[in-house]
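A quick write-up on the structure given underneath.
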Amino acid sequence: MKFAVRIIKNQFFPLKVSEGANLRHGQMVLVRTEKGEEAHKVFIVNSEIQKQWEKFKPEPISFIRTMSERDLAELDEIKKLEVQALYKCRELAEKRKLAMNLVQTRYTFDRKKITFYYTAPERVDFRELLKDLTQEFKRVRIDLRHIGVRDETSILQGIGVCGQEYCCCSFLKKFESVNTKLAKDQGIPMTPGKITGSCGRLLCCLNYEYSNYLEAAKTLPPVGSGVMTPDGIGKVAVLNFLKGSVGVKLEDGKIKDYLKKDIEMIDGEVNIEIEGTDNRLNYSEGDEVIDIKSLDNDKNSSTGNI
């Protein structure tokens, strides 16, 4: 039986234990990492993960011991210290007027190292803050790590509009590039509330079914093409991929749905105007006007520094 711990976001690492170790799925154990002693939950891995390990050969994590009741009580105490340290660091950062948002604080179990995770719109000179923290937390190694807003969401966790746990804190190992074209091609309303997550960036799931929409689009006439329908000449205005139909604007200005088998593409220009897509939309809760295309700028949304 193979065991693993999840140390880096959604990545399982093999646990180096002796054969016949008496470990249980979900049990808390102490392991040794590059940061020091850390407390993690044990997972029994299936054959598929074991095959991946044989292929990519991840570095095994050293097992120290299973956590006793005393260790678990110590872990609870450390969690309280992490909260206190977070608020103290925020206080010091505000005192130095630094434009940074403290997200989370983590102690190693041996309390020899403390890591502060923060987001910031631009580079932060935290040298003076580091001096303050050194004075506040004595005999402890201090690590200030800049992360992106997507990383922040994966740390804080939550439930998405789909009713499921955020992808970034459940199974996603890395963030793929996402742009507004994915939403447009899938016919999703181009409003921020529909296409962005709690991180303020485009939804990662816009990528998941995109290839299916591309395949479906190959079977339908493109938007703007002239077609002959049972009700006369028209121009394709909308593609309804899930229905396998198209919305056609007729000469009387009405838009009607037709199945592909009920229309025929025609050559030549059809003199019917189709409204274009405006990339500037209003938030429903205010008068602020934003440029939807600005959402395509995903630079530094994820740094991989978790």
Side-chain angles (χ1 to χ4, degrees), residues 150 159-164 166-168 170-172 174-299 301:
R150 290 189 185 274
I159 303 298
V161 293
C162 59
Q164 301 293 319
Y166 292 147
C167 302
C168 58
S170 57
F171 67 88
L172 274 185
K174 64 178 181 178
F175 295 105
E176 301 292 342
S177 175
V178 188
N179 57 61
T180 51
K181 184 177 185 298
L182 300 176
K184 288 180 182 178
D185 290 350
Q186 295 175 68
I188 300 173
M190 295 295 290
T191 53
K194 295 288 186 181
I195 60 176
T196 60
S198 63
C199 59
R201 298 296 189 266
L202 292 169
L203 291 165
C204 294
C205 57
L206 291 175
N207 267 319
Y208 299 167
E209 297 181 354
Y210 185 60
S211 59
N212 295 334
Y213 280 87
L214 291 182
E215 288 301 313
K218 293 177 182 178
T219 67
L220 299 173
V223 172
S225 57
V227 293
M228 177 62 72
T229 75
D231 300 303
I233 291 177
K235 184 177 283 189
V236 177
V238 181
L239 300 181
N240 300 315
F241 299 105
L242 299 181
K243 293 181 179 179
S245 64
V246 296
V248 179
K249 187 172 184 180
L250 302 171
E251 291 179 300
D252 60 5
K254 295 180 180 179
I255 296 179
K256 293 183 65 175
D257 262 5
Y258 298 94
L259 294 175
K260 182 190 173 185
K261 64 182 181 64
D262 296 327
I263 61 175
E264 182 179 346
M265 292 187 65
I266 59 176
D267 296 326
E269 184 65 28
V270 176
N271 190 25
I272 297 176
E273 291 293 327
I274 298 177
E275 294 181 5
T277 301
D278 190 353
N279 280 335
R280 299 188 67 82
L281 300 170
N282 289 325
Y283 281 111
S284 59
E285 67 267 22
D287 297 327
E288 181 187 6
V289 179
I290 71 160
D291 184 0
I292 292 295
K293 290 296 290 181
S294 66
L295 295 174
D296 284 338
N297 182 12
D298 207 24
K299 186 179 180 182
S301 289

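The residues of the chain are indexed from 1 along the displayed sequence.
For Gly200 against Leu295, the heavy-atom pair with the smallest separation is O-CD2, 4.0 Å. Considering every non-hydrogen atom in both Arg150 and Leu202, the closest pair reads NH2-O, 2.9 Å. Contact between Gly244 and Leu259 at its shortest, heavy atoms only, is O-CD2, 4.1 Å. Listed here is the closest heavy atom pair of Pro189 and Lys194: O-CB, 3.7 Å.
Side chain of Lys235 to main chain of Val270: a donor-acceptor pair is present (N/O by atom type, distance under 3.5 Å, no hydrogens or angles). Of the possible polar contacts, one joining the Lys260 side chain to the Thr219 backbone as a donor-acceptor pair under 3.5 Å is found. Between the side chain of Asn207 and the main chain of Ser177, a donor-acceptor pair closer than 3.5 Å is present. Looking at Asp296, its side chain does come within 3.5 Å of a backbone N or O of Thr180 through a donor-acceptor pair. With hydrogens and angles disregarded, no donor-acceptor distance shorter than 3.5 Å links the side chain of Gln186 to the backbone of Tyr213.
You'll find the side chain of Met265 stays beyond 4.5 Å of the side chain of Val236, heavy atoms only. The shortest distance between side-chain heavy atoms of Phe241 and Leu220 falls below 4.5 Å. Looking only at side-chain heavy atoms (C-beta outward), Tyr166 and Ser198 come within less than 4.5 Å of each other.
Once rounded to the nearest 0.5 Å, the distance linking CZ of Arg201 with OG1 of Thr196 reads 10.0 Å. Here the CD1 atom belonging to Ile255 is positioned 10.0 Å from the CD1 atom belonging to Ile272, to the nearest 0.5 angstrom. For the atom pair Glu176 CD and Tyr210 OH, the distance stands at 14.5 Å (nearest 0.5 Å).
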May I have the list of side-chain donor-acceptor pairs in residues 222-232 shorter than 3.5 Å, sequence neighbours left out?
{"residue": "Ser225", "atom": "OG", "partner": "Pro222", "partner atom": "O", "Å": "2.6"}
{"residue": "Thr229", "atom": "OG1", "partner": "Asp231", "partner atom": "N", "Å": "3.0"}
{"residue": "Thr229", "atom": "OG1", "partner": "Gly232", "partner atom": "N", "Å": "3.2"}
{"residue": "Thr229", "atom": "OG1", "partner": "Gly232", "partner atom": "O", "Å": "2.6"}
{"residue": "Asp231", "atom": "OD2", "partner": "Lys256", "partner atom": "NZ", "Å": "3.0"}
{"residue": "Asp231", "atom": "OD2", "partner": "Tyr258", "partner atom": "OH", "Å": "2.4"}

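Crowding of Asp252 atom CG: a count of heavy atoms from other residues, nucleotides or ligands under 6.0 Å exceeding 12.
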Going through the distances and angles, do Ile188 and Leu206 end up as a side-chain contact (heavy atoms from CB on, under 4.5 Å)?
CA-CA 9 Å; Ile188 300 173; Leu206 291 175; 3.4 Å; yes
